[in-house]
Amino acid sequence: MKFYNSMSRGIEEFTPLEGKKVGLYTCGPTVYNYAHIGNFRAYIFEDILRRTLAFSGYDVTQVMNLTDVDDKTIRGAREAGLSLNDYTRTYKESFFEDLKTLRIEPAEHYPAATDHIPEMIALIERLFEKGVAYQSEDGSVYFNVATYHAYGRLAHLDVSGLRSGARVAQDEYDKENLADFALWKAWDEDDGDVGWESPWGRGRPGWHIECSAMSITYLGESFDIHTGGVDNLFPHHENEIAQTEAATGKPFVSTWLHCEHLRVNGKKMSKSLGNFFTLRDLIEKGYTGREIRYVLLSAHYRQELNFTLPALEGVRTTLARLDEYRTRLTDAAAGAPGDVPEWAAAGRDRFRAGVEEDLGVPQALAALFDMVHQGNRALDAGEVDGPAAAAALAVLDEMDRVLSLTPEGAAEGPGDDVTALLAERATARSEKRFADCDRIRDQLATMGWEVRDTPDGQKVRARP
């Protein structure tokens with residue numbers, strides 16, 4: 001398996017620090033609003049990464065942080081007249097609902113920043129011990145960038161012109177601001193009731209220290225993969241590296257992966273342009289989580305993705321083709337899986353080669369649909385017996401472990417309640433009680449199953 005490492009700017013063979021175990025830290029949401037589709041482009045990329053690692057035999061421990069205290073969350077809570085916890089709770093809950101809608105597998109850990117303040121204070125104390133942190137006149141604590149010789153390595157920045165003593169207090173800033181960054185922010189009246197006691201007085205952590213403290217807590221001082229969007233690369237990830245390695249004296253992360261931006265209709269997403277969408281906006285327009293997922297995973301993660309509503313509509317045809325192929329294999333499958341047909345084996349091998357080469361999802365999708373085309377031709381020609389169809393269906397399921405595009409319930413098949421209704425409908429059809437047939441068909445539709453009447457009897461499949 002190979003990845004493009006943002007640190008080296010090159011493709012590297014992936015080798016975990018410990019056998020087949022992989023520690024994965026993925027930057028999660030700042031819970032000050034509903035996540036938008038640009039955010040979910042990154043979370044889908046991280047989901048494909050997680051699934052591909054498991055597909056390739058690795059045991060993954062994933063940590064996704066929840067930033068529930070920073071400049072944005074405090075400002076939002078103050079404007080809403082709510083406590084910080086009450087304000088962020090709504091957005092935390094909606095985030096987890098959105099993950100389910102997009103079929104994003106849950107991480108092993110979702111640490112919230114406000115639950116790990118003691119760990120952050122302890123890490124800042126280590127930085128004081130190392131002589132790389134200092135307290136300013138207003139009581140805030142800063143990291144002395146000049147003391148960390150490798151600063152700028154991830155972002156490939158020239159720090160020769162760094163001004164000693166220059167400081168940046170806000171959490172997010174531009175590349176031009178090569179300056180000491182806040183580890184702990186002294187309380188001021190804008191913070192309201194948000195604050196914790198520390199050796200440096202009442203205050204709150206800076207954004208960057210949160211991820212360092214939580215990654216150490218759950219993955220150790222060195223781990224395998226850290227991901228995020230390209231906008232996180234500087235300053236956030238650069239600062240994480242500096243403060244963590246300065247505190248521990250150890251390499252922080254082996255492999256850094258960053259996904260590119262999402263654009264809508266070729267432009268940066270903006271409310272003023274009318275091209276700003278949350279996941280909920282798109283669901284309200286009648287699109288499904290599965291359709292949105294397909295669009296968000298379809299481009300390579302290191303390429304900009306141009307999101308358009310016409311493209312989202314076109315995905316329905318693509319997924320219908322995939323669903324029909326699955327239905328044909330399911331109808332033809334009988335008995336235990338036999339030898340994998342040559343076209344299915346070739347598709348599986350090309351799919352694996354695609355995803356294991358820096359998450360080449362476009363190549364993997366091409367392999368999948370070439371397999372669908374050849375499989376349909378073989379089915380049309382009567383060349384696929386029951387065991388072969390079962391084997392080809394197993395290959396499709398194997399690919400779907402990475403893509404997760406199967407209609408809900410299709411892989412598991414109908415349950416006992418659906419089977420009982422199908423039997424009742426078959427009886428009604430044989431007795432020409434067509435009104436009852438239609439009623440049961442509608443009932444099954446509300447349960448997520450589509451019934452078709454064919455010369456061979458009823459056929460049922462999960463609704464897209």
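Being a predicted model, the structure only gives us computed values, none of them experimental.
At least one donor-acceptor pair closer than 3.5 Å links the side chain of Asn5 to the backbone N or O of Met7. Between the side chain of Ser212 and the backbone N or O of Ile241, no donor-acceptor pair lies under 3.5 Å. Side chain of His226 to main chain of Ser254: no donor-acceptor pair is present (N/O by atom type, distance under 3.5 Å, no hydrogens or angles). Arg103 places a side-chain N or O within 3.5 Å of a backbone atom of Thr406 that can act as its donor or acceptor partner. Glu238 contributes a side-chain N or O that, together with a main-chain N or O of Ala155, makes up a donor-acceptor pair within less than 3.5 Å.
We find that Lys21 and Glu108 are not joined by a salt bridge, their nearest charged nitrogen and carboxylate oxygen being 4.0 Å or further apart. Taking a cutoff of 4.0 Å between a charged side-chain nitrogen and a carboxylate oxygen, Asp397 and Arg326 qualify as a salt bridge.
With respect to Phe143, the side-chain contact (heavy atoms from CB on, under 4.5 Å) criterion is satisfied by exactly one of His208, Arg167, Gln243: Gln243. Each of Trp196, Tyr218, Tyr110 was scored for a ring-ring contact (aromatic ring centres under 6.0 Å, His included) with His116, with one residue passing: Tyr218. In summary, of the residues considered (Phe276, Phe277, Phe95), a ring-ring contact (aromatic ring centres under 6.0 Å, His included) with His36 occurs for Phe276 alone. Here the rule is salt bridge (charged side-chain N to carboxylate O under 4.0 Å, His left out) with Lys185, and of Asp191, Asp138, Asp71, Asp70 only Asp71 fits it.
Aromatic ring centres of His300 and Tyr4 lie farther apart than the 6.0 Å criterion allows. In summary, the aromatic rings of Phe128 and Trp184 are positioned with their centroids too far apart to meet the 6.0 Å limit.
For the pair Val402 and Arg352, the minimum side-chain heavy-atom distance is 4.5 Å or more. A heavy-atom distance below 4.5 Å is not found between the side chains of Leu24 and Asp224.
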Please walk me through it: do Leu312 and Lys285 pass side chain to side chain contact (heavy atoms under 4.5 Å, CB included)?
CA-CA 11 Å; Leu312 190 52; Lys285 290 179 180 292; over 6 Å; no
Assess the residue pair Phe14 and Ile225 against the criterion (side chain to side chain contact (heavy atoms under 4.5 Å, CB included)); give the C-alpha distance rounded to whole Å, side-chain angles, the decisive distance to 0.1 Å, and a yes or no.
CA-CA 10 Å; Phe14 175 63; Ile225 303 174; 3.8 Å; yes
Stepwise side chain to side chain contact (heavy atoms under 4.5 Å, CB included) check, Phe55 with Phe351:
CA-CA 11 Å; Phe55 175 77; Phe351 181 92; 4.1 Å; yes
Show your reasoning for whether side chain to side chain donor-acceptor pair (under 3.5 Å) applies to Asn65 and Thr67.
CA-CA 6 Å; Asn65 68 294; Thr67 300; 3.1 Å; yes
Are Thr88 and Leu66 close enough, and set up right, to give a side chain to side chain contact (heavy atoms under 4.5 Å, CB included), and what steps lead you there?
CA-CA 10 Å; Thr88 60; Leu66 304 174; over 6 Å; no
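Using cut-offs of 30° and 60° on the angle between ring planes, the pair Tyr91 and Tyr87 is perpendicular. Ring geometry for Tyr151 against Phe234 counts as perpendicular: the plane angle is over 60°, on a 0 to 90° scale with 30° as the lower cut.
Expressed to the nearest 0.5 Å, how far CG of Leu319 lies from CD of Glu324 amounts to 13.5 Å. From Arg89, atom CZ reaches atom OG of Ser83 across 6.5 Å, with rounding to the nearest 0.5 Å. With values rounded to the nearest 0.5 angstrom, Leu262 atom CG is found 14.0 Å from Phe45 atom CZ. In this structure, Asn144 CG and Leu127 CG are separated by 11.0 Å, a value rounded to the nearest 0.5 Å.
Other residues, nucleotides and ligands place no more than 12 heavy atoms under 6.0 Å from the CD atom of Glu18. When the shell of 6.0 Å around NZ of Lys20 is examined, it contains more than 12 heavy atoms from other residues, nucleotides or ligands.
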